[in-house]
Amino acid sequence: MMYDDLNKTMTTERLLLRLFIKADAETVTRLCNDYNIYKSTLTLPYPYTLECAVSWIEHHNENFNADKLYEFAICDRETGDLYGAIALSNQQRYDNGELSYWVGQPFWGKGYATEAAKAMLDFAFDVKKYHKVYARHFASNPASGQVIQKIGMLKEGVLMDHVKKEGLYEDLIYYGVVRNKMKE
C-alpha cells in the first residue's frame, strides 16, 4: 500500500482508496439501495436515498481532518469505478479503531474488500500508529468474517443476540489484531 498524505489517497495493486466527493452520491445511492447490503450492515438505512448519500459524504473531509474517522471510497485504480467504502474509526484515547466496510453487490467475490481492508490495516499501523484494530460482523454474514480473517485478525469473541435487525436478534462476532502481533 502506498499512502499519499497530500491527496489523502492509498493505492494498492488494483485499487485506489480516496475520499468521497459529492459527485459520488448517485453511485453510492445505487450501490447502497440494495436490500442485501442493508441486511448485512448495522446502521445503513433502507431504502437508501440520494439524500442519505449526500448527508453521509458531507462530513467525511471534516472527520478525516479532525482525526475522528477515515472514510475512503474503494475505486478501481485504472478506471476510477466506485466499488464500495471502507472506514476506520480513531479512538485516540486507546490508540485503536474499528474497521468497517461495504462493497456493492456487483463487485462481491472479487477480493476488493480484502485488498482494501489490508490497505486500511497498513494505514492504521504504519501511518496512524494504532496499537490495535478491531472489526465485527453479523453471524449471518460469514463472507465479511472471511475478509477479516484473511487480513490476519483473530477472533476475540461473540456477543450473542447483541443487536436487533428487522425484528431478529443478531450475534456480533468480534475480531482484532495488535500491531506487534500481526500474523505474517
Side-chain angles (χ1 to χ4, degrees), residues 1-90 97-124 127-128 135-138 140-148 150-151 163-166 170:
M1 181 276 298
M2 297 290 296
Y3 177 64
D4 177 346
D5 189 45
L6 183 62
N7 294 306
K8 298 179 178 112
T9 61
M10 286 183 260
T11 52
T12 67
E13 182 180 338
R14 300 179 298 161
L15 302 175
L16 169 68
L17 306 182
R18 60 161 175 79
L19 296 182
F20 281 89
I21 57 174
K22 287 182 183 178
D24 294 325
E26 286 187 30
T27 303
V28 168
T29 302
R30 182 175 37 80
L31 294 174
C32 287
N33 195 32
D34 178 334
Y35 181 76
N36 290 315
I37 298 283
Y38 162 77
K39 73 179 185 180
S40 63
T41 57
L42 189 57
T43 59
L44 198 73
Y46 186 80
Y48 195 91
T49 65
L50 183 60
E51 291 75 27
C52 292
V54 170
S55 175
W56 178 64
I57 291 169
E58 275 181 345
H59 302 287
H60 288 184
N61 212 4
E62 175 185 325
N63 288 337
F64 191 104
N65 290 334
D67 282 323
K68 288 182 180 178
L69 182 62
Y70 313 106
E71 295 175 281
F72 291 92
I74 302 171
C75 301
D76 184 280
R77 186 172 169 176
E78 301 299 321
T79 66
D81 292 346
L82 178 62
Y83 297 151
I86 190 156
L88 181 69
S89 67
N90 187 3
E98 181 178 7
L99 177 71
S100 57
Y101 50 86
W102 60 263
V103 172
Q105 192 169 347
F107 311 109
W108 289 1
K110 300 181 187 320
Y112 298 137
T114 302
E115 191 171 327
K118 176 65 175 103
M120 205 61 141
L121 263 190
D122 292 344
F123 175 77
V127 177
K128 294 300 179 179
R136 60 189 168 163
H137 70 90
F138 290 155
S140 62
N141 185 9
S144 190
Q146 290 173 344
V147 168
I148 295 166
K150 284 178 188 175
I151 64 169
V163 295
K164 195 174 185 180
K165 183 85 177 197
E166 295 193 302
E170 284 271 2

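Computed from a prediction, not measured in an experiment: that's the story for all the values here. Both backbone and side-chain heavy atoms feed into the values below; hydrogens, waters and symmetry mates do not.
To the nearest 0.5 Å, the span separating CD on Glu78 from CG on Leu15 amounts to 10.5 Å. Annotation: the span from Tyr3 atom OH to Thr9 atom OG1 amounts to 7.5 Å, rounded to 0.5 Å. Taken from CG in Leu88 to CE in Met120, the straight-line distance is 5.0 Å, to the nearest 0.5 Å. The CG atom of Leu69 sits 7.0 Å away from the OG atom of Ser100 when rounded to the nearest 0.5 Å. Atom-to-atom distance recorded for Thr11:OG1 and Met2:CE is 6.0 Å, nearest 0.5 angstrom. Summarising the geometry, atom OH belonging to Tyr112 is positioned 3.5 Å from atom OH belonging to Tyr83; distances are rounded to the nearest 0.5 Å.
Looking at heavy atoms from C-beta onward, Leu17 lies out of side-chain contact with Phe123 at the 4.5 angstrom threshold. Two residues are said to be in side-chain contact when any heavy atoms from C-beta on lie closer than 4.5 Å; Leu42 and Arg136 meet this criterion. Counting only heavy atoms from C-beta outward, the side chains of Glu71 and His59 never approach each other to under 4.5 Å. Contact check for Tyr101 versus Ile148: side-chain heavy atoms found under the 4.5 Å cut-off. Side-chain atoms of Leu31 and Trp102, non-hydrogen and from C-beta on, do get closer than 4.5 Å to each other.
Evaluation of the ring-ring contact (aromatic ring centres under 6.0 Å, His included) rule for Trp56 yields Phe20, His60 as partners, not counting sequence neighbours. Considering only residues two or more places apart in sequence or on other chains, Thr79 meets the side-chain hydrogen bond (donor to acceptor under 3.5 Å, both in side chains) condition with Asp76, Asp81. Ser140 meets the side-chain hydrogen bond (donor to acceptor under 3.5 Å, both in side chains) test with Glu170; sequence neighbours excluded. Pro142 pairs by the side-chain contact (heavy atoms from CB on, under 4.5 Å) definition with nothing, not counting sequence neighbours. In this view, Asp67 and Lys128 satisfy the salt bridge (charged side-chain N to carboxylate O under 4.0 Å, His left out) rule, not counting sequence neighbours. Residues passing the side-chain hydrogen bond (donor to acceptor under 3.5 Å, both in side chains) test with Thr49 are Glu51, sequence neighbours excluded. Applying the ring-ring contact (aromatic ring centres under 6.0 Å, His included) criterion to Tyr38, with sequence neighbours excluded, gives Tyr35, Tyr46. Listed by chain and residue number, nothing satisfies the salt bridge (charged side-chain N to carboxylate O under 4.0 Å, His left out) test with Glu58 (two or more places apart in sequence, or in another chain). Considering only residues two or more places apart in sequence or on other chains, Phe138 meets the ring-ring contact (aromatic ring centres under 6.0 Å, His included) condition with none of them. Residues passing the ring-ring contact (aromatic ring centres under 6.0 Å, His included) test with Phe64 are Tyr70, Phe72, sequence neighbours excluded. In this structure Thr12 satisfies the side-chain hydrogen bond (donor to acceptor under 3.5 Å, both in side chains) test together with Glu115, sequence neighbours excluded.
Annotation for Cys75 and Leu82: closest pair SG-CD1, 4.0 Å, computed over non-hydrogen atoms. Here the shortest heavy-atom pairing between Asn33 and Tyr48 reads OD1-N, 2.9 Å. The heavy-atom pair separating Ala119 from Met1 by the smallest distance is CB-CG, 3.6 Å. Summarising the geometry of Ala116 relative to Ile74, their closest heavy-atom pair is CB-CD1, 3.8 Å, with the distance given to 0.1 Å. Of all the heavy atoms in Lys8 and Asn61, the pair that sits closest is NZ-OD1, 4.2 Å. Listed here is the closest heavy atom pair of Leu99 and Ala117: CD2-CB, 3.9 Å.
A salt bridge does not link Glu166 to Lys39: none of the charged side-chain nitrogens sits closer than 4.0 Å to a carboxylate oxygen.
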Sequence neighbours excluded and cut-off under 3.5 Å, please list the side-chain donor-acceptor pairs for residues 23-30, or say none.
residue : atom : partner : partner atom : Å
Asp24   : OD1  : Arg18   : NH2          : 2.9
Asp24   : OD2  : Arg18   : NH1          : 2.7
Asp24   : OD2  : Arg18   : NH2          : 3.3
Asp24   : OD2  : Ile21   : N            : 2.9
Thr29   : OG1  : Ala25   : O            : 2.7

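Around NZ of Lys165, the count of heavy atoms belonging to other residues, nucleotides or ligands within 6.0 Å exceeds 12.
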